[in-house]
Engineer: 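Below is one structure. I have some questions about it.
All figures in this text were calculated on a predicted structure; none of them were measured in a lab. We're numbering straight along the sequence, starting at 1.
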Amino acid sequence: VRKVQTLGKAVRVRRAFTDTEMTGLIEVAGERRIVYMAACYTGLRRSELAALEWSDIQLNAEKPFLVARASTTKNGKEATIPLHQDLVQALNDLRSRATLEAPVFAHLLPKMSVFRADLEKAGIPFLDGSGRRADFHALRHTLGTNLGRVGVAPRVAMEVMRHSDMKLTTRLYTDASQLPTAQAFALLPSFTQGGYTQKYTQLSGAGGQNASSCGTDGSASNADETLANKGESHSLAHGGTEGQENKIGSKGRTRTYNRSVNSRLLYH
């Protein structure tokens with residue numbers, strides 16, 4: 001079965017939240033902030049967050065983690081997800097006040113209207129200048145983008161995002177506008193000794209003209225000094241005209257210096 005061509009046909013194009021936007025959203029969200037943190041730090045989808053139970057979370061383990069049960073995940077596979085230390089603290093605080101028999105985020109998952117109200121409070125536009133959405137699922141895009149920002153290997157990021165195809169991680173779930181591309185260019189190696197500016201700018205004079213040129217003996221000479229004054233017109237013209245019919249009427253070589261002809265022969 002051929003793959004469906006979806007390039008350029010995405011109905012909803014999403015973007016990642018910036019660090020400043022995430023901080024602002026968490027500050028205005030009240031108790032809902034833990035939901036936004038969980039989505040951003042684990043990549044769990046809304047339905048997966050809604051199905052999460054306290055028995056799925058191991059906060060007292062040496063390295064705290066949660067288990068997304070196979071019956072709750074999109075791909076039908078169980079997933080073990082390590083927890084960020086900020087999320088561990090927030091979950092410990094919530095557990096001390098929660099009913100452990102109820103789902104972890106009971107009554108905390110926001111409706112779309114509530115989520116958009118939180119965005120407005122934080123000063124975050126739902127649509128940016130390019131028409132990309134900052135909806136709830138964009139929090140999952142934020143995780144994928146942040147993995148790329150901190151230099152996580154693509155194959156590792158793919159596992160964290162629980163994708164079956166690396167292209168999903170590196171293209172669809174990575175907001176390229178937030179990647180450190182300028183730093184990448186700064187890390188490129190230099191191929192000149194002493195730097196380009198120091199080595200080559202002394203060869204250019206005012207107006208971009210060549211300030212010095214190589215004479216017939218390999219030494220520098222003034223480019224404006226005529227070859228006729230140095231008596232070198234015959235030798236330079238000889239190499240390019242010997243045995244050929246000269247268009248100005250002489251055979252073999254140029255006997256008198258002609259600036260337009262000799263300059264053409266010298267620099268051709």
Side-chain angles (χ1 to χ4, degrees), residues 10-59 64-128 132-147 160-163 168-169 172-173 175:
V11 177
R12 297 177 178 177
V13 180
R14 297 180 173 91
R15 67 175 180 88
F17 289 91
T18 66
D19 293 348
T20 301
E21 289 173 335
M22 280 304 305
T23 299
L25 181 61
I26 290 171
E27 286 179 352
V28 304
E31 286 192 334
R32 289 185 300 278
R33 68 181 182 274
I34 191 171
V35 178
Y36 301 148
M37 291 174 66
C40 181
Y41 281 131
T42 68
L44 289 175
R45 301 171 178 85
R46 181 186 177 87
S47 60
E48 295 168 341
L49 289 168
L52 196 64
E53 299 178 356
W54 285 108
S55 59
D56 300 324
I57 303 176
Q58 303 300 320
L59 295 176
F65 64 93
L66 65 79
V67 176
R69 286 167 281 121
S71 60
T72 67
T73 61
K74 182 178 179 179
N75 61 6
K77 297 179 180 179
E78 182 176 288
T80 299
I81 303 174
L83 299 177
H84 189 277
Q85 59 183 1
D86 290 352
L87 182 56
V88 171
Q89 295 176 5
L91 286 170
N92 270 319
D93 180 61
L94 178 62
R95 187 172 63 174
S96 66
R97 300 178 285 104
T99 302
L100 300 184
E101 291 76 18
V104 175
F105 299 119
H107 311 300
L108 291 178
L109 279 169
K111 296 180 179 180
M112 189 60 184
S113 59
V114 175
F115 180 74
R116 294 191 68 159
D118 286 341
L119 292 180
E120 187 174 351
K121 289 179 185 177
I124 303 172
F126 181 71
L127 295 177
D128 67 5
R132 300 181 305 166
R133 300 162 61 98
D135 57 14
F136 191 89
H137 197 70
L139 294 168
R140 180 168 164 81
H141 286 248
T142 303
L143 172 61
T145 300
N146 287 339
L147 292 172
V160 173
M161 297 295 293
R162 296 175 288 132
H163 286 150
L168 286 173
T169 309
L172 185 60
Y173 280 84
D175 188 341

Engineer: Which atoms form the tightest heavy-atom contact between T72 and A51, and what is the distance?
Structural biologist: CG2-CB, 3.5 Å
Engineer: Quick one: do E120 and R116 satisfy side-chain contact (heavy atoms from CB on, under 4.5 Å)? Show the steps, please.
Structural biologist: CA-CA 6 Å; E120 187 174 351; R116 294 191 68 159; over 6 Å; no
Engineer: Can you tell me how far the CZ atom of R14 sits from the CG atom of L139, to the nearest 0.5 Å?
Structural biologist: 10.5 Å
Engineer: Would you indicate whether the side-chain heavy atoms of I81 and F65 approach each other to under 4.5 Å?
Structural biologist: no
Engineer: Is there a side-chain contact between D175 and R132, using heavy atoms and a 4.5 Å cut-off?
Structural biologist: yes
Engineer: With salt bridge (Lys or Arg N to Asp or Glu O under 4.0 Å) as the test, would you mind laying out the steps for E21 and R15 before giving the verdict?
Structural biologist: CA-CA 12 Å; E21 289 173 335; R15 67 175 180 88; 2.9 Å; yes
Engineer: Find out whether Q89 and N92 are in side-chain contact, i.e. whether some heavy atom of one side chain is under 4.5 Å from a heavy atom of the other.
Structural biologist: no
Engineer: Which is it for E31 and R97 under the salt bridge (Lys or Arg N to Asp or Glu O under 4.0 Å) test, yes or no, and what are the steps along the way?
Structural biologist: CA-CA 12 Å; E31 286 192 334; R97 300 178 285 104; 3.3 Å; yes
Engineer: Donor-acceptor pair, R33 side chain versus G30 backbone, under 3.5 Å?
Structural biologist: yes
Engineer: Counting N and O atoms only, with roles assigned by atom type, does the side chain of T42 sit under 3.5 Å from a partner on the main chain of L44, one being a donor and the other an acceptor?
Structural biologist: yes
Engineer: Starting at CZ of R69, measure out to OG of S55 and round the result to the nearest 0.5 Å.
Structural biologist: 6.5 Å
Engineer: Heavy atoms, side chains only, cut-off 4.5 Å: are L94 and L108 in contact?
Structural biologist: yes
Engineer: Calculate, to the nearest 0.5 Å, the distance between atoms CG and SG belonging to L87 and C40 respectively.
Structural biologist: 10.0 Å
Engineer: Hey, is the main chain of R45 close enough, under 3.5 Å, to the side chain of E48 for a donor-acceptor pair?
Structural biologist: yes
Engineer: Within 45° of the axis and under 6.0 Å from the centre of the six-membered ring of F126, does NZ or CZ of R133 qualify?
Structural biologist: no
Engineer: Would you check if the side chain of H141 reaches a backbone N or O of L172 as a donor-acceptor pair within less than 3.5 Å?
Structural biologist: yes
Engineer: Can you tell me how far apart OG (S47) and NZ (K74) are? Round to the nearest 0.5 Å.
Structural biologist: 9.0 Å
Engineer: Taking D19's backbone N and O only, do any of them form a donor-acceptor pair with T23's side chain (distance below 3.5 Å, no angle check)?
Structural biologist: yes
Engineer: According to the interplanar angle, ranging from 0 to 90°, do the rings of F115 and F136 count as parallel (below 30°), tilted (30 to 60°) or perpendicular (above 60°)?
Structural biologist: perpendicular
Engineer: Heavy atoms only: give me the nearest P125-A134 pair and the separation to one decimal.
Structural biologist: O-CB, 3.9 Å
Engineer: State the CG-CZ distance between D135 and R140, to the nearest 0.5 angstrom.
Structural biologist: 13.0 Å
Engineer: Does any part of the side chain of F17, heavy atoms only, come nearer than 4.5 Å to the side chain of L119, both counted from C-beta?
Structural biologist: yes
Engineer: Which heavy atom of D118 sits nearest a heavy atom of Y36, and at what distance?
Structural biologist: OD2-OH, 2.7 Å
Engineer: Determine yes or no for a side-chain-to-main-chain donor-acceptor pair under 3.5 angstrom, with D56 supplying the side chain and L52 the backbone.
Structural biologist: no
Engineer: For T145 and T142, indicate whether the former's side chain and the latter's backbone hold a donor-acceptor pair under 3.5 Å.
Structural biologist: no
Engineer: What is the distance from atom CG of L66 to atom CG of L49, rounded to the nearest 0.5 Å?
Structural biologist: 9.0 Å
Engineer: Does any non-hydrogen side-chain atom of M161 lie less than 4.5 Å from one of L168?
Structural biologist: no
Engineer: Would you say the side chain of L83 lies within less than 4.5 Å of the side chain of I57, judging by non-hydrogen atoms?
Structural biologist: yes
Engineer: R162 versus T73: any side-chain heavy-atom pair under 4.5 Å?
Structural biologist: yes
Engineer: Mind checking whether Y173 and H163 have ring centres under 6.0 Å apart?
Structural biologist: yes
